[in-house]
Amino acid sequence: MEITVRKAGIDDLKDLLEIEASAIPGYAYLDEAKEFLLENKGNRGEMILALADGIPAGMGRYSILPDGSGWLEILRVKKEYQRMGIGTAIYKRYLELAEETSAPSVAMFTGRKNIASRSLAEKNGFAIAADYTGFEIQPETADDIPSFHLITDPEEVKERISPWHREWGEYLCFNRTFMKFSDDLYRWLAEKNFVYGTDEETTLVLGARMLEHRGLHIGFMCGDLSGALAFARKETAERHLPSLHIMFRKGYADLEAFCGYYRMKPTGDLIVMERKFISEQV
């Protein structure tokens with residue numbers, strides 16, 4: 001069997017949707033996010049289509065995050081073509097794109113119990129970089145919510161977040177996309193109007209990388225956590241969105257207790273796997 005890969009475009013949508021439906025029945029979002037993932041509207045990178053003897057068999061997306069690192073997502077292989085080298089071919093293209101774009105690192109997420117996904121990543125030089133846990137809560141409006149204002153100065157964003165984010169974890173997570181805290185990320189967050197604050201130094205990062213109609217995500221918060229959560233729930237409700245999500249470093253006991261106090265629904269644990277390139281170039 002000859003396996004080839006090429007860049008996919010919107011004309012390949014039908015084939016890509018069939019791959020997604022076969023790989024993960026009942027779980028689909030490519031059609032909703034096609035402009036973002038296939039047409040690069042608000043995103044950078046490449047959708048990859050893998051073919052087995054010319055027949056569409058697998059797909060994967062390589063996205064470029066604000067710091068220039070690569071993010072590997074929606075790796076899917078049709079059921080009848082699994083364990084036949086399709087995933088390996090997609091990973092080869094992932095790493096070619098990382099080299100072409102001079103990415104300092106590439107990363108992806110998976111479930112700790114997803115042995116197949118984890119093993120494929122490890123075979124391509126990836127190692128576990130972080131453990132994260134997630135929760136979900138419904139929108140709600142309430143009285144006496146603290147007054148928040150947008151923060152659009154990247155330097156102020158950095159000043160507010162950088163001293164505290166290590167407790168949260170190395171990554172900010174929107175839509176299960178894990179982005180390292182960095183000056184580039186602070187600038188991106190400021191440009192996207194994702195950062196809110198109070199005069200008392202409570203800070204909240206709230207937004208979505210894509211698929212906002214599915215809900216908003218708290219990427220970070222510090223200070224008055226109850227006030228930040230109340231504002232986030234209210235903002236979600238006022239945008240008529242169905243849910244509010246949060247992910248942070250597993251083992252952050254105070255925040256896990258906070259989520260338990262507000263009876264947030266657990267959405268599961270994920271591991272971030274990363275391959276760095278800087279050390280290889282030294």
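Between L95 and F277 there is a side-chain heavy-atom pair separated by less than 4.5 Å. Proximity of I161 to L185: side-chain heavy atoms (C-beta onward) are nowhere separated by under 4.5 Å. Two residues are said to be in side-chain contact when any heavy atoms from C-beta on lie closer than 4.5 Å; L189 and L172 meet this criterion. Side-chain contact check for M108 versus L120: every heavy-atom pair is 4.5 Å or farther apart. Within the 4.5 Å cutoff, the side chain of I128 has heavy atoms near those of the R118 side chain. Taking 4.5 Å as the limit, some side-chain heavy atom of K250 sits within range of a side-chain heavy atom of E256. Residues D67 and W188 have side chains not in contact (no heavy-atom distance under 4.5 Å, counting atoms from C-beta outward). At least one side-chain heavy atom of F181 sits less than 4.5 Å from a side-chain heavy atom of F220.
Atom CG of L37 sits about 5.5 Å away from atom CD of E73, to the nearest 0.5 Å. A distance of 11.0 Å separates OG1 in T203 from CD in E200, rounded to the nearest 0.5 Å. In this structure, the separation between CG on N43 and NZ on K41 is 13.0 Å, given to the nearest 0.5 Å. The line from CD1 of I218 to CD of E235 is 11.5 Å long, rounded to the nearest 0.5 Å. Atoms CG and OG, on L17 and S22 in that order, are 12.5 Å from each other to the nearest 0.5 Å. Rounded to the nearest 0.5 angstrom, M59 CE and I48 CD1 are separated by 11.0 Å.
Aromatic ring pairs are classed by plane angle as parallel below 30°, tilted from 30° to 60° and perpendicular above 60°; the pair F135 and F248 is parallel. Between W71 and F178, the ring planes are tilted. Angles from 30° to 60° get that label. By the 30° and 60° cut-offs, the orientation of the rings of Y186 relative to H165 is tilted. The aromatic rings of W168 and Y252 lie perpendicular to each other, with more than 60° between the two planes, well past the 30° mark.
Looking at Y262, its side chain never comes within 3.5 Å of a backbone N or O of L229 through a donor-acceptor pair. R263 places no side-chain N or O within 3.5 Å of a backbone atom of C259 that could act as its donor or acceptor partner. In this structure, N175 contributes its side chain and R209 its backbone to a donor-acceptor pair below 3.5 Å. Judged by distance alone, the side chain of S243 and the main-chain N or O of G215 form no donor-acceptor pair under 3.5 Å.
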Evaluation steps, side chain to side chain contact (heavy atoms under 4.5 Å, CB included), between D254 and E167: CA-CA 10 Å; D254 289 347; E167 289 185 308; 6.0 Å; no
Derivation and outcome, ring-ring contact (aromatic ring centres under 6.0 Å, His included), residues F194 and F174: CA-CA 11 Å; F194 285 159; F174 280 165; 5.4 Å; yes
Evaluation steps, salt bridge (Lys or Arg N to Asp or Glu O under 4.0 Å), between K34 and E39: CA-CA 7 Å; K34 56 182 175 292; E39 300 182 87; over 6 Å; no
D131 vs R112, side chain to side chain contact (heavy atoms under 4.5 Å, CB included): CA-CA, chis, key distance, verdict: CA-CA 9 Å; D131 255 304; R112 184 171 284 279; 2.5 Å; yes
Audit row: L206, L244, side chain to side chain contact (heavy atoms under 4.5 Å, CB included) steps and yes/no: CA-CA 9 Å; L206 180 69; L244 176 66; 3.7 Å; yes
Stepwise side chain to side chain contact (heavy atoms under 4.5 Å, CB included) check, D15 with E18: CA-CA 5 Å; D15 290 328; E18 289 178 357; 4.1 Å; yes
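The shortest heavy-atom contact between L38 and M47 is CD2-CG, 3.7 Å. Between L204 and A228, the closest heavy-atom pair is CD2-O, 3.8 Å. The minimum heavy-atom distance between G58 and I90, with the atom names listed, is C-CD1, 4.0 Å. Annotation for A89 and I3: closest pair CB-CG2, 3.6 Å, computed over non-hydrogen atoms. The two residues R176 and F109 have their closest heavy-atom pair at O-CD2, 3.2 Å. Closest non-hydrogen pair, S69 versus A103, comes out as CA-CB, 4.2 Å.
Between Y261 and F258, the distance separating the two ring centers is not shorter than 6.0 angstrom. A ring-centre distance under 6.0 Å is found for Y91 and F126.
Put simply, L65 and Y62 are part of two different groups of oily side chains (I, L, V, M, F, W, Y) that touch within less than 4.5 Å, one to the next. Cluster membership check: L16 does not share its hydrophobic cluster with I86, using side-chain heavy-atom separations under 4.5 Å among Ile, Leu, Val, Met, Phe, Trp and Tyr. Note on F36 and L97: separate hydrophobic clusters, where clusters join Ile, Leu, Val, Met, Phe, Trp and Tyr whose side-chain heavy atoms are under 4.5 Å apart, directly or indirectly. Hydrophobic clustering (side-chain heavy atoms under 4.5 Å, transitive across Ile, Leu, Val, Met, Phe, Trp, Tyr) keeps I24 apart from L72. Clustering ILVMFWY residues whenever any of their side-chain heavy atoms sit less than 4.5 angstrom apart, transitively, puts L49 in the very cluster that holds Y29.
Residue-environment remark: CD (E99) stays at or below the threshold of 12 foreign heavy atoms within 6.0 Å. Open room surrounds CH2 on W164; 12 or fewer heavy atoms of other groups in view lie less than 6.0 Å from it. The local environment of CD in E32 is crowded, with over 12 non-hydrogen atoms from other residues, nucleotides or ligands closer than 6.0 Å.
For residues 45-61, every residue pair satisfying the side chain to side chain donor-acceptor pair (under 3.5 Å) rule, not counting sequence neighbours, is listed here: N40-R61, E46-R93, R61-S63.
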Distance-only donor-acceptor pairs under 3.5 Å for side chains of residues 137-157, two or more places apart:
unit_1	atom_1	unit_2	atom_2	d
H149	ND1	G197	O	3.0
D153	OD1	E155	N	3.0
E156	OE2	R160	NE	3.1

In residues 74-85, what donor-acceptor pairs under 3.5 Å come from side-chain atoms, sequence neighbours left out?
unit_1	atom_1	unit_2	atom_2	d
K78	NZ	P56	O	3.4
Q82	NE2	V77	O	3.0

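A donor and an acceptor atom, one from each side chain of S182 and D184, are nowhere located under 3.5 Å apart.
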